[in-house]
Amino acid sequence: MKAIMRYKILILGVSLGFLGCSKGGDSPAPTPTPKPPVVVVEPSLTAANGVVIDIDPGATNIYTVIGTSQKFDVKLAAMPANGVTIDTKLIKILDNSTAFSNNISSTNLTNSITVTGILPGALYNLMVVVTSKSTSSNTKTIEFKMASK
């Protein structure tokens with residue numbers, strides 16, 4: 001008799017347990033966790049080989065030009081999101097006068113520029129400044145000397 005009573009209590013307890021754990025639709029669905037925004041890192045123009053000029057002889061050498069003009073390529077390793085501006089200035093060292101000046105806006109990784117007005121026998125300083133349109137502090141300046149024979 002005690003055994004029958006224990007089984008009845010056990011069956012009643014298990015039944016109540018199943019009823020209490022029913023998966024009803026009363027509770028609201030969990031809200032999805034929002035995904036963090038994608039952070040785009042701008043490529044650094046000042047990084048090693050971030051900006052390269054194909055004729056750059058280095059700061060201590062002089063690039064020799066044949067004729068009165070010189071074409072060169074400004075190459076970027078990666079492009080900032082909004083592009084760059086490329087300022088080119090050729091200064092005659094003897095009197096500090098500007099022989100050539102140019103400013104372009106670009107989204108190309110390779111940009112051809114032709115400097116004109118180079119006089120034979122004069123020494124010049126070529127300065128190329130590449131600035132990101134997205135972050136103005138992301139700037140690379142390359143300078144070197146050039147002369148025409």
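The closest donor-acceptor contact from the side chain of Tyr124 to the backbone of Leu119 lies under 3.5 Å. Side chain of Ser148 to main chain of Gly67: a donor-acceptor pair is present (N/O by atom type, distance under 3.5 Å, no hydrogens or angles). One N or O on the side chain of Asp95 and one on the backbone of Ser97 form a donor-acceptor pair closer than 3.5 Å.
When all heavy atoms are compared, the tightest approach of Asn111 to Ile104 is CB-CD1, 4.3 Å. Among all heavy-atom pairs drawn from Ala77 and Asn49, the shortest one is CB-O, 3.4 Å.
The distance from the CD atom of Glu42 to the CG atom of Asn138 is 4.5 Å, given to the nearest 0.5 Å. Atom CG in Asp73 sits 13.0 Å away from atom CG in Asp56 (nearest 0.5 Å). Asn102 contributes atom CG, which lies 6.0 Å from atom CD1 of Ile113 (distance to the nearest 0.5 angstrom). The distance from the CD1 atom of Ile86 to the NZ atom of Lys140 is 13.5 Å, given to the nearest 0.5 Å. Note that OG1 of Thr60 is 12.5 Å distant from CZ of Phe144, once rounded to the nearest 0.5 Å. One distance of note links OG of Ser112 with CG of Asp54; it measures 8.0 Å at 0.5 Å rounding.
Following chains of ILVMFWY side-chain contacts shorter than 4.5 Å, one can reach Val65 starting from Ile53, so the two form part of one hydrophobic cluster. Linking ILVMFWY residues whenever their side-chain heavy atoms come closer than 4.5 Å, directly or via other members, places Leu90 and Ile142 in the same cluster. No path of Ile, Leu, Val, Met, Phe, Trp and Tyr side chains, each step under 4.5 Å between heavy atoms, connects Leu109 with Val129, placing them in separate hydrophobic clusters. By the criterion of side-chain heavy atoms lying less than 4.5 angstrom apart, applied directly or through intervening Ile, Leu, Val, Met, Phe, Trp or Tyr residues, Met79 is grouped together with Val51 in one hydrophobic cluster.
The shortest distance between side-chain heavy atoms of Leu45 and Ser132 falls below 4.5 Å.
In the hydrophobic clustering, where aliphatic and aromatic side chains (Ile, Leu, Val, Met, Phe, Trp, Tyr) are joined below 4.5 Å either directly or transitively, Ile91 stands alone. Hydrophobic clustering, defined by side-chain heavy atoms of Ile, Leu, Val, Met, Phe, Trp and Tyr closer than 4.5 Å, groups Ile62 together with Ile93, Leu123.
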Taking it one step at a time, do Leu126 and Tyr63 satisfy side chain to side chain contact (heavy atoms under 4.5 Å, CB included)?
-> CA-CA 10 Å; Leu126 178 67; Tyr63 182 80; over 6 Å; no
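Under the side-chain hydrogen bond (donor to acceptor under 3.5 Å, both in side chains) criterion, the residue pairs touching residues 82-91 are Asn82-Ser134, Asp87-Asn103, with sequence neighbours excluded.
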